[in-house]
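Have a look at the structure below before the remarks.
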Amino acid sequence: MDLLSAQFLGYEPVHIEELIGKKGKNQGSMRDVELEKIKEYAAEDADITFQLKQVFVPLLKEKEVQPVFDNVENPLVRVLTDMEFEGVKIDVDFLKQYSKELETEAKRCEESVYAQAGVRFNLASPKQLGEVLFEKLQLDPKAKKTKTGQYATGEDVLLKLANQHKIVDDILGFRELTKLKSTYVDALPEMINPKTGRVHTSYAQAVAVTGRLSSNNPNLQNIPIRTARGREIRKAFVPREEGRVLLSADYSQIELRIVAAISGDPNMCEAFRQHKDIHTATASKVYNVPENEVTKEMRYKAKSVNFGIIYGQGAFGLADNLGISRTEAKEIIDNYKKEFPNIQRYMDEQVNFAKENGYVQTLAGRKRWLKDINSSNFTVRGYAERNAINSPIQGTAADMIKLAMIKIHNEMKTASWQSKMILQVHDELVFDAVPGEVDKLKELIIRCMTTAMPLPHEVPVEAEVGMGGNWLEAH
DNA sequence: TCTCTGCTCAC
DNA sequence: CAAGTGAGCAGAGAC
């Protein structure tokens, strides 16, 4: 859904691009298909449900997904429409000020790079940067190239050169600062709808193949949080009015809980049932030490393995990721498989199921078709096999939060609350709340998120909620 | 002006 | 060969 289609659900039409007098740069094809279809069927005065089925059924492939359509996607349309319509307030003054700071800092990094390189060039061009680093400065005689023959200058490549030349810090600094400035700090104020004074994202319901939502114009699902400078940007996401607060609720380790539950692995299920720190518990098993003797490094490595499992990562990837030898990586993975035997079995089962049936599915019955699963090409087949492992996990998490959103939205609507659900970021929901409703809202959110879709083997689902004067504080 | 590429942000 | 799902920016080059 997007804001435009709101008019067919009884809202006044608000079209961001028209109001700003500027066309969106990246008009997703789904959005256009959706709009055309809706216009077409609206002209025939057809029922909205029917209209949307015309849109989604061909995309999600036939009737077998009907339960997912009827129980999840169709009810979710109204929820997303409301969220898009409500939008989120942005503190423009804060961003304007921050933009200047980023500009100054970026300039300093840039000048420092030119001074150290002994030439001036366009630092924002990976092509030019590669030539400077690997031809003029000769930082790595075995420098990797991209498929188009340029030198690769991605973050991972540069980090490996960091102890060789001080220039690397300034290059990475420049990259971080200009990324933040161009993608968020300068772009967001431009996206404010003059009528509402807020930014209204569009959620795409049928773009991500796993069943996740995606967000665009602007994308509010990739607002920085990892670095200190990036995190600042979240301070600009504020309640719509004086006196209101932002509330943020996160699922805790939802994908790992889903792995545990659908694989039925006894050790991992038990760790969750006992409310243990899952990465510490994993490290304890893998390294065969008591939990109180798990070191930071052991936990860090176990965490990496846990995430790798979700993606179908192998020893090579783990070694690369952790900067350890492939022998050590293989040892860790072998131990992991031994301690959590059902996880390996689950992965094999998913791949075999896909090979026989041509698809895999989530707990709610959402399917992902994998046409390459029996390919004779190793690379192509390997990719499909990792999809077979990952999709049910990522997709089940998507099913769960969507069901929670529907329940929360229904209850808020029925009781005519003034607080609004405004954002979804895969495992997080954000609310713009009035103070008088905060307590009951917190209760509602936690209750719905944790019970919307109970997991097998009594694996508990947990969610945390925070509150504050901006998105950063709410975390 | 459009499209592709490389890169980087999120979960 | 080697880690899943997305969106958006600037550069580079085709037209």
Side-chain angles (χ1 to χ4, degrees), chain A residues 23-28 30 121-130 144-158 171-172 174-188 191 201-204 207-227 229-231 233-234 250-251 253-256 259 304-322 326 329-330 333 360 368 377-395 397-398 401 423-428:
Chain A
K23 264 184 118 185
K25 280 175 192 162
N26 193 2
Q27 302 258 348
M30 180 55 211
F121 59 100
N122 186 350
L123 183 50
S125 162
K127 185 165 181 275
Q128 295 181 35
L129 175 65
K144 279 190 205 136
K145 299 209 173 169
T146 66
K147 59 182 174 185
T148 56
Q150 290 184 32
Y151 293 106
T153 68
E155 192 177 358
D156 51 333
V157 175
L158 295 186
I171 296 167
L172 291 173
F174 176 84
R175 287 248 176 99
E176 182 190 358
L177 295 158
T178 53
K179 170 80 177 180
L180 296 177
K181 185 169 181 293
S182 66
T183 307
Y184 307 101
V185 177
D186 290 345
L188 283 170
M191 301 294 288
T201 186
S202 292
Y203 289 105
V207 168
V209 286
T210 53
R212 275 189 176 186
L213 297 177
S214 79
S215 156
N216 63 36
N217 295 306
N219 182 357
L220 297 185
Q221 289 183 323
N222 73 342
I223 302 303
I225 193 164
R226 193 171 41 91
T227 67
R229 283 158 166 166
R231 220 150 34 229
I233 294 168
R234 295 201 169 214
D250 276 75
Y251 277 114
Q253 303 293 354
I254 191 59
E255 292 195 344
L256 277 177
V259 172
S304 189
V305 183
N306 274 333
F307 284 117
I309 291 296
I310 292 172
Y311 303 140
Q313 186 187 45
F316 183 94
L318 184 68
D320 193 54
N321 189 9
L322 289 176
R326 277 169 68 181
K330 184 160 187 315
I333 290 175
V360 286
R368 175 164 184 190
N377 181 312
F378 181 93
T379 308
V380 171
R381 189 179 66 248
Y383 187 68
E385 287 172 355
R386 293 191 293 280
N387 290 158
I389 294 165
N390 175 265
S391 291
I393 303 167
Q394 198 180 106
I401 196 167
L423 298 173
Q424 190 254 39
V425 193
H426 310 305
D427 67 352
E428 173 187 9

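Hydrogens, waters and symmetry mates are skipped; everything else that's a heavy atom, side chains included, is used. Each chain gets a letter, A, B and so on, in the order the sequences are listed, and its residues count up from 1.
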Would you indicate which nucleotide in [options] comes nearest to any side-chain atom of [X]?
X: T379(A); options: dA2(C), dG4(C), dG8(C); answer: dA2(C)
X: T146(A); options: dA10(B), dC7(B), dA3(C); answer: dC7(B)
X: N387(A); options: dG4(C), dC9(C), dG6(C); answer: dG4(C)
X: R175(A); options: dC9(C), dC7(B), dT5(C); answer: dC7(B)
X: K127(A); options: dT5(C), dC7(B), dG13(C); answer: dG13(C)
X: I225(A); options: dT8(B), dC11(B), dT5(C); answer: dC11(B)

Output the rounded distance in Å from [atom1] ([X]) to [atom2] ([N]).
X: E176(A); N: dG8(C); atom1: CD; atom2: P; answer: 21 Å
X: L129(A); N: dT5(B); atom1: CG; atom2: C1'; answer: 15 Å
X: E255(A); N: dA3(C); atom1: CD; atom2: C1'; answer: 12 Å

Report yes if a side-chain nitrogen or oxygen of [X] is closer than 4.0 Å to either non-bridging phosphate oxygen (OP1 or OP2) of [N]; otherwise report no.
X: Q128(A); N: dA12(C); value: yes
X: T148(A); N: dG6(B); value: yes
X: N219(A); N: dC9(C); value: no
X: N122(A); N: dG11(C); value: yes
X: R386(A); N: dA3(C); value: no
X: S214(A); N: dA7(C); value: yes
X: R326(A); N: dA2(C); value: no
X: Y383(A); N: dT5(C); value: yes
X: S125(A); N: dA12(C); value: yes

Counting the atoms with a prime plus P, OP1 and OP2 as sugar-phosphate, which does [X] contact under 4.0 Å by heavy atoms, base, sugar-phosphate, or nothing?
X: A152(A); result: sugar-phosphate
X: S391(A); result: nothing
X: R231(A); result: nothing
X: L213(A); result: nothing
X: S215(A); result: sugar-phosphate
X: G382(A); result: nothing

Atom P, compared across dA2(C) and dG6(B): separation rounded to whole Å: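 Pairwise P distance, dA2(C) against dG6(B), rounds to 15 Å.
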Determine whether [X] and [Y] make a side-chain contact, defined as any pair of heavy atoms from C-beta on separated by less than 4.5 Å.
X: Y151(A); Y: K127(A); value: no
X: N216(A); Y: T201(A); value: no
X: H426(A); Y: I401(A); value: no

With the criterion set at under 5.5 Å between ring centres and under 30 degrees between planes, would dA2(C) be stacked on F316(A)?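 Taking the rule of under 5.5 Å and under 30°, the ring of F316(A) does stack on dA2(C).
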For a quick check, tell me whether the side chain of [X] and the base of [N] share a donor-acceptor pair closer than 3.5 Å.
X: R212(A); N: dC11(B); answer: yes
X: Q394(A); N: dG4(C); answer: yes
X: N390(A); N: dA3(C); answer: no

side-chain hydrogen bond (donor to acceptor under 3.5 Å, both in side chains) between Q221(A) and S214(A): does it pass, once the steps are laid out? CA-CA 8 Å; Q221(A) 289 183 323; S214(A) 79; 5.7 Å; no
Is there a side-chain hydrogen bond (donor to acceptor under 3.5 Å, both in side chains) between S391(A) and T210(A)? Walk through the geometry before answering. CA-CA 5 Å; S391(A) 291; T210(A) 53; over 6 Å; no
Verdict with supporting geometry, S304(A) and N321(A), side-chain hydrogen bond (donor to acceptor under 3.5 Å, both in side chains): CA-CA 8 Å; S304(A) 189; N321(A) 189 9; 3.0 Å; yes
Regarding E176(A) and R229(A), does a basic nitrogen lie under 4.0 Å from an acidic carboxylate oxygen?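 Result for this pair is yes, salt bridge flagged.
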